[in-house]
Number of protein chains: 2
Amino acid sequence: MVVRVSGDEGRPGLRERKKQETRIALSWAAIKLVAERGLENVRVEDIAAAAGVAPRTFNNYFSSKGEAIAARHLDRARLIAQELRRRPVSEPLWEAITSAVITQLAMGADYDDRRPDQQWQTGIRLMIGEPSLQGEMLKASAVAEEELAAAIAERTGTDIAHDLYPRLVAGAAGAAIRVAMDQWLRADPPVPVRPLVENALGLLAAGLPEPRSS
Amino acid sequence: MVVRVSGDEGRPGLRERKKQETRIALSWAAIKLVAERGLENVRVEDIAAAAGVAPRTFNNYFSSKGEAIAARHLDRARLIAQELRRRPVSEPLWEAITSAVITQLAMGADYDDRRPDQQWQTGIRLMIGEPSLQGEMLKASAVAEEELAAAIAERTGTDIAHDLYPRLVAGAAGAAIRVAMDQWLRADPPVPVRPLVENALGLLAAGLPEPRSS
DNA sequence: CCGCAAAATTGCGCGCTATGCATCTTTGCG
DNA sequence: CGCAAAGATGCATAGCGCGCAATTTTGCGG
């Protein structure tokens with residue numbers, strides 16, 4: 001029985017659309033459950049149920065629990081590379097990278113900060129503290145860095161296969177972002193993200209000068 | 001029945017010594033087996049057998065196959081931080097870091113290059129290509145970077161808890177090393193490592209200047 | 001509007017992993 | 001020499017990841 005609801009805006013929604021929705025639903029459900037119950041107390045079965053699919057389907061999308069959780073992180077990171085491509089080539093590289101990061105941060109802001117729950121915050125912190133998840137997060141970052149490197153190579157006219165440069169810049173930028181985010185997450189009187197990221201990337205572009213006085 | 005063999009040189013061998021030996025034996029066995037058979041065809045049972053311990057013991061040392069494999073990588077990376085502490089404080093930071101890395105690379109050289117086997121080389125490449133291992137490798141690098149950051153903080157008189165600087169430098173240096181190693185591994189007519197690492201770290205210290213011409 | 005082929009979901013089964021618990025063995029120390 | 005702590009083993013179990021085959025859904029052309 002096919003019920004055609006008036007709001008069946010899935011018209012252009014190809015098959016791909018549905019797949020992405022399911023993918024996101026699974027990833028989101030995983031994060032939500034783990035944030036509130038802890039990794040140990042969430043089974044794949046639970047995630048699948050929360051996303052409204054069969055347990056077996058979970059593994060059609062992700063090869064592990066950790067991958068599902070890191071997927072959101074990966075998507076977010078990918079957008080930075082995508083945003084970098086939109087920047088005019090005339091713009092200096094580091095300026096462009098910083099802008100791209102800030103832009104994506106802003107987009108995610110009214111998405112994450114809409115959850116000022118104390119519960120949520122601590123849940124996330126516990127989550128990223130899980131050893132078995134840190135690897136997945138880093139792996140996701142690495143994948144994103146690869147795309148970032150491609151964008152940088154394109155922009156600077158370097159060769160991603162032979163030149164050290166693009167991957168190096170991408171890697172360094174990734175490290176800076178990670179450090180800034182880390183600092184941001186552990187700041188107890190919460191501080192704004194932007195200055196942290198700008199500072200980190202700025203220091204990078206300045207060659208990480210050795211501080212004279214503490 | 002306790003058989004006392006003449007070669008019972010375990011005299012000073014504290015309890016710790018034996019543990020470290022077992023740990024290394026397990027890690028080494030894991031790498032060796034995976035390099036020649038592929039990750040899928042190596043069971044924990046096999047690794048334990050190759051190291052001469054019971055299967056159950058494996059998990060007393062490592063919580064996963066991947067962790068065992070990454071353990072060598074971690075140990076090596078840790079030595080860089082340790083080496084950095086030995087450098088005179090008068091030496092400029094980046095110079096010291098570069099020297100520390102080069103030194104450790106040299107130490108590992110007559111350890112790894114003693115295996116010029118074509119088989120071994122390709123085995124290692126396949127191994128680090130395994131998705132489930134990349135995460136472990138990165139995690140190991142992250143742990144090492146933390147120690148590196150501590151050493152840098154100490155040297156520069158910065159605070160690892162509040163200052164962005166030490167972690168940032170450690171992260172960037174880690175990224176540079178990773179990129180250089182990666183480039184080194186994929187170079188088809190093999191090239192020496194040193195120039196790659198020196199180049200990468202040098203570019204970092206120079207602020208990753210945007211190349212003018214390709 | 002209808003069926004058909006491709007694609008995705010689902011159910012089932014299995015080998016392996018990771019870990020808690022109880023037991024046995026070894027080590028170091030008085 | 002014997003005891004207490006630490007480590008190694010064995011055993012058992014809950015999940016996990018995945019291959020396979022059956023089933024349902026989707027998009028497309030007639």
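Reminder, nothing fancy here: chain letters follow the sequence lines and each chain counts from 1.
- Considering only side-chain atoms of B:S64, the nucleotide from C:dT17, C:dT10, C:dA18 that sits closest is C:dA18.
- Considering every non-hydrogen atom in both B:A70 and B:E136, the closest pair reads CB-O, 3.8 Å.
- Panel note: side chain B:N59, backbone B:R56; no donor-acceptor pair is recorded below 3.5 Å.
- The environment of A:R194 atom CZ is sparse: at most 12 non-hydrogen atoms of other residues, nucleotides or ligands sit within 6.0 angstrom.
- Contact detail for B:A71 and B:R23: the closest heavy-atom pair is CB-NH2, 4.0 Å.
- A sub-4.0 Å separation between OP1 or OP2 of D:dA8 and a side-chain N or O of B:Y61 is present.
- Rounding to whole angstrom units, CD of residue A:E45 and C1' of D:dA14 are separated by 12 Å.
- When the P atom of D:dC16 is taken as reference, atom CZ of A:F62 falls 15 Å away, rounded to whole Å.
- Distance from the side chain of A:P55 is smallest to C:dG11 among D:dT9, C:dA18, C:dG11.
- Remark: P of C:dA8 and CD of A:Q20 are 11 Å apart, rounded to the nearest angstrom.
- Contact check, A:K65 against D:dC16: a side-chain N or O comes under 4.0 Å of OP1 or OP2.
- Regarding B:K18, its NZ atom lies at a distance of 16 Å from the C1' atom of C:dG28, rounded to whole Å.
- For the pair A:N60 CG and D:dC16 P, the computed distance is 16 Å after rounding to whole Å.
- Of the side-chain N and O atoms in B:T57, one or more sit less than 4.0 angstrom from OP1 or OP2 of D:dT9.
- Looking at heavy-atom distances under 4.0 Å, A:R56 makes contact with a base.
- In this entry the distance linking CZ of B:R17 with C1' of C:dT26 reads 19 Å, nearest Å.
- Put simply, A:K19 has a side-chain N or O that comes within less than 4.0 Å of OP1 or OP2 on C:dA8.
- Among the nucleotides C:dT10, D:dG10, D:dG17, the one closest to any side-chain atom of A:V44 is D:dG17.
- Following rounding to the nearest Å, A:F58 (CZ) and C:dA8 (P) show an atom-to-atom distance of 18 Å.
- One interatomic measurement links the two molecules: CG of A:N59 to C1' of D:dG19, which rounds to 12 Å at whole-angstrom precision.
- In this structure a side-chain-to-backbone donor-acceptor pair under 3.5 Å is present from B:W184 to B:V191.
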